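Lettering of chains follows the sequences in order, A, B, ..., and the numbering in each one begins at 1. In this text, all values refer to a predicted model and were calculated from it rather than measured experimentally. FYI, side chains are in, hydrogens and waters are out, and symmetry mates aren't considered; it's all heavy atoms of this structure.
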2 protein chains.
Amino acid sequence: MAVTIKDVARAAGVSAATVTRALSKPEVVRPATRDRVKEIAASLGYHPNRAARGLITGRTGNLGLLVPDLGNPFFPSIVKGVQARAHEADHAVFLADTDEDPAAEAGLVRKLAKQVDGVLLCSPRMAEAEIRALATEVPTVLLYRRVPGVASVTAEFLDGMRQAVSHLVALGHRRIAYVAGPRTSWANRERVRSLRAVTRTRVELVETGNVVPQFEGGVSVADQVLAAEVTAVIAYNDLVALGLLHRFAARGVAVPHDISVLGFDDIPLAAMVHPALTTVALPKDQAGQAGVDLLLRERHRERRELPTQLMVRGSTGPAR
Amino acid sequence: MAVTIKDVARAAGVSAATVTRALSKPEVVRPATRDRVKEIAASLGYHPNRAARGLITGRTGNLGLLVPDLGNPFFPSIVKGVQARAHEADHAVFLADTDEDPAAEAGLVRKLAKQVDGVLLCSPRMAEAEIRALATEVPTVLLYRRVPGVASVTAEFLDGMRQAVSHLVALGHRRIAYVAGPRTSWANRERVRSLRAVTRTRVELVETGNVVPQFEGGVSVADQVLAAEVTAVIAYNDLVALGLLHRFAARGVAVPHDISVLGFDDIPLAAMVHPALTTVALPKDQAGQAGVDLLLRERHRERRELPTQLMVRGSTGPAR
DNA sequence: TGGGCGCGTGAAAACCTTTACAGATCATGG
DNA sequence: CCATGATCTGTAAAGGTTTTCACGCGCCCA
């Protein structure tokens with residue numbers, strides 16, 4: 001079986017207490033003893049059993065991370081950021097994919113709650129009350145969602161939207177469509193709000209119905225967008241924008257000549273297609289890292305808002 | 001604090017032993033008692049502390065999953081499959097992204113090893129000897145790699161390659177390039193092997209140097225491929241193929257008119273671009289699920305090989 | 001009516017670690 | 001040389017759960 005602290009203690013001729021001290025607070029044990037214990041522990045390949053340690057310290061060294069859909073390349077980027085920072089801090093991360101199912105979220109978190117020091121909820125779709133309840137049960141940091149009293153990392157949507165609309169306006173666009181994401185998405189509501197604030201007088205805004213935040217969502221709503229006779233369209237996210245692009249191409253609509261398309265997120269894919277997608281880049285790595293920092297430093301109510309950046313590529317051009 | 005088994009026991013007027021039995025082996029406790037305990041446990045929101053349970057049972061209810069790069073959409077698909085199956089079996093999953101760094105892999109696994117019932121190594125890049133060593137320390141299942149004596153889930157590369165080459169040959173291609181992936185990738189070696197076996201006499205094969213298995217890898221090697229004067233190119237994976245497509249478009253090379261492009265994996269993205277990518281679909285969800293099954297059922301030496309399927313789309317056509 | 005059996009339950013030990021507390025050792029100053 | 005304090009180490013309890021063992025009760029059969 002695995003080597004325990006007792007094995008080390010016996011081999012070193014000391015008590016278990018001395019072993020644990022030698023390893024976790026070296027300054028309180030006599031140097032000679034400490035070195036001997038450390039050496040023996042190493043030679044035996046001893047690693048403290050984290051479950052046992054967690055039982056007594058109440059800290060597990062684990063983090064939970066919830067994402068709505070790993071199939072959307074936006075989320076893997078965040079996961080990578082979380083991972084990197086968590087591993088630096090010697091924490092492991094539990095990942096759970098909720099498949100865009102709001103009902104599954106709370107249950108998954110509660111199951112994880114017992115074995116983590118905190119959870120990162122990435123773009124959670126559940127109700128605000130639920131989140132608030134959860135936050136009282138386990139240290140919680142929200143990524144891309146804001147709930148009063150709960151720590152969060154978000155991006156400057158308003159500024160991002162301003163950049164996007166200014167860009168389109170400068171290109172002569174005066175009638176713009178917005179393809180809305182999931183009703184349950186805070187980010188979607190936030191984008192709509194920003195968009196309305198930013199377009200106010202300069203631009204006529206056409207809002208479509210809500211779509212699933214995926215390629216298929218864009219495909220399915222593309223014809224409606226064309227029928228709306230706009231010269232530009234802003235999509236809830238890049239995946240939806242790519243869906244639009246796809247359907248436009250199929251219908252022989254030239255981008256950006258006939259219509260300009262603008263996305264949100266800046267997933268790696270956005271730069272790979274033809275025409276490359278103009279999009280508002282949101283912080284991903286940084287958001288993940290900031291989230292972990294907040295969690296580990298126990299900043300339970302802090303809010304961080306990271307900057308956004310318009311990436312101008314080939315899918316936007318002068319209005320027809 | 002959290003609700004413990006004692007709270008439930010007290011509330012139900014029974015001992016802790018009865019509570020644990022009512023929940024984990026319901027058949028041994030009197031129905032009336034069992035139902036009452038279950039009801040009270042539920043109303044109190046009791047979930048056993050997994051650390052404490054793990055301490056005594058030696059099972060943690062956790063799985064470890066290692067992937068080389070979550071940024072490659074192939075891996076999130078596998079992760080989703082693993083997740084789904086693991087959650088069904090009431091297991092949580094630790095995810096670790098190694099960033100294509102073979103040196104980091106073993107260390108990450110060893111850190112995880114203490115707190116999981118087993119690990120899934122997805123396309124591990126480390127040396128075979130290292131994997132064999134790891135497999136003696138912790139139950140291990142390999143995904144998309146084969147090592148003697150270690151359980152694994154792979155795909156029928158040979159058959160997939162046969163489908164791909166037959167397709168190209170039928171279209172009149174006689175000189176085909178292969179863009180190789182990482183030298184450390186078993187999948188790459190396997191693809192080369194299959195390709196050589198399958199092309200033997202019918203086709204002249206041109207192999208390029210190794211590239212990173214990403215979009216950039218395809219971009220960087222595209223001009224070499226053109227210089228090789230082939231009529232078709234098979235890429236290590238879809239991402240590389242998309243890189244080729246991108247560079248070809250930039251150089252004004254028409255696909256599939258001037259050159260046919262064929263990928264491997266069938267990531268969701270492959271169907272979203274123009275022209276859509278012809279590719280050999282590898283099982284992703286199923287591979288993940290099969291891996292979890294092998295791990296949980298303790299089939300420590302079993303091998304499973306899942307079928308592959310050529311997806312013919314727009315990027316392949318008759319040879320010029 | 002009494003012995004035995006089986007079912008259902010409780011008490012206690014075990015898992016491995018950390019930590020508060022107490023004890024031991026040693027040096028120093030009186 | 002002893003008392004005092006400082007430094008180091010050991011003992012024991014605690015954390016939440018599962019499991020073994022034993023006990024009590026009711027029932028059946030002789």
Side-chain angles (χ1 to χ4, degrees), chain A residues 1-38 40-41 44-62 90 92 110-117 137-138, chain B residues 1-38 40-42 44-62 90-92 111 113-117:
Chain A
M1 274 262 23
V3 32
T4 81
I5 200 171
K6 285 187 188 168
D7 301 321
V8 179
R10 201 173 314 122
V14 297
S15 74
T18 301
V19 175
T20 187
R21 277 190 289 251
L23 298 176
S24 58
K25 23 178 110 159
E27 68 280 6
V28 306
V29 38
R30 191 154 50 109
T33 316
R34 184 219 308 151
D35 296 343
R36 187 160 41 91
V37 169
K38 278 190 170 177
I40 291 178
L44 259 45
Y46 169 72
H47 290 273
N49 179 321
R50 296 184 86 130
R53 166 186 286 172
L55 204 49
I56 179 144
T57 62
R59 318 203 74 241
T60 61
N62 296 330
D90 204 31
R110 290 215 166 78
K111 261 168 90 175
L112 242 43
K114 265 74 192 176
Q115 35 186 353
V116 300
D117 296 338
E137 298 172 31
V138 53
Chain B
M1 273 257 30
V3 32
T4 79
I5 200 171
K6 285 185 187 168
D7 301 322
V8 179
R10 201 171 317 121
V14 297
S15 74
T18 301
V19 175
T20 187
R21 277 190 289 249
L23 298 176
S24 56
K25 25 178 113 156
E27 67 280 5
V28 306
V29 37
R30 192 155 49 108
T33 317
R34 184 219 307 150
D35 295 344
R36 186 159 43 91
V37 169
K38 278 190 170 176
I40 291 179
L44 259 45
Y46 168 71
H47 291 274
N49 180 321
R50 298 185 86 130
R53 167 187 285 171
L55 203 49
I56 180 142
T57 62
R59 319 200 74 239
T60 62
N62 296 330
D90 204 31
H91 279 241
K111 262 169 88 175
K114 267 74 193 176
Q115 35 187 352
V116 300
D117 296 338

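- The interatomic distance linking A:I56 (CD1) with C:dT19 (P) rounds to 7 Å, in whole Å.
- Rounded to whole Å, atom C1' of C:dG10 lies 16 Å from atom CZ of B:R10.
- Interface residues of residues 19-32 of chain A facing DNA chain D, ordered by number: A:R21, A:V29, A:R30; criterion, heavy-atom separation under 4.0 Å.
- Taking 4.5 Å as the limit, every side-chain heavy atom of A:N49 sits out of range of all side-chain heavy atoms of B:K114.
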Could you go through residues 13-21 of chain B and list every donor-acceptor pair under 3.5 Å that involves a side-chain atom there, pairing it with any protein atom two or more places apart or in another chain?
from: B:S15; atom 1: OG; to: B:A17; atom 2: N; distance (Å): 3.4
from: B:S15; atom 1: OG; to: B:T18; atom 2: N; distance (Å): 3.4
from: B:S15; atom 1: OG; to: B:T18; atom 2: OG1; distance (Å): 3.4

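- End-to-end axis angle of the helix from C:dT1-D:dA30 to C:dG30-D:dC1, using five pairs per end and rounding to 10°, comes to 60°.
- Following rounding to the nearest Å, B:K6 (NZ) and D:dT18 (P) show an atom-to-atom distance of 14 Å.
- A salt bridge is defined here as a Lys NZ or Arg NE, NH1 or NH2 lying under 4.0 Å from an Asp or Glu carboxylate O, and B:D7 with B:R10 meets this definition.
- Residue A:T33 places at least one side-chain N or O closer than 4.0 Å to OP1 or OP2 of D:dT9.
- When all heavy atoms are compared, the tightest approach of A:Y46 to A:T4 is CE1-C, 3.6 Å.
- Proximity of B:T60 to A:Q115: side-chain heavy atoms (C-beta onward) are nowhere separated by under 4.5 Å.
- The two atoms that bring B:A92 and A:L112 nearest to each other are CB-CD1, 4.0 Å, heavy atoms only.
- Between A:L55 and B:S15, it is B:S15 whose nearest contact on DNA chain C lies nearer the 5' terminus.
- The interatomic distance linking B:N49 (CG) with C:dC15 (P) rounds to 18 Å, in whole Å.
- The two residues A:A12 and A:V37 come nearest to each other via the heavy atoms CB-CG2, 4.2 Å.
- When all heavy atoms are compared, the tightest approach of A:P26 to A:R34 is O-NE, 3.3 Å.
- Rounded to an integer number of Å, the gap from CZ of A:R53 to C1' of C:dT19 is 13 Å.
- The distance between atom CD of A:Q115 and atom C1' of D:dT17, rounded to the nearest whole Å, is 14 Å.
- When the side-chain nitrogen and oxygen atoms of B:Y46 are compared with OP1 and OP2 of D:dT17, one or more of them lie within a distance under 4.0 Å.
- A:V3 and A:G45 get closest at one heavy-atom pair: CG1-O, 3.7 Å.
- Rounded to a whole Å, the CZ atom of A:R59 is 19 Å from the P atom of C:dT17.
- Looking at heavy-atom distances under 4.0 Å, A:T18 makes contact with sugar-phosphate atoms alone, never a base.
- Residue B:A17 has its side chain nearest to C:dA11 when only C:dT18, C:dC16, C:dA11 are considered.
- Atom C1' of nucleotide C:dT18 and atom CD1 of A:I5 are separated by 8 Å, given to the nearest angstrom.
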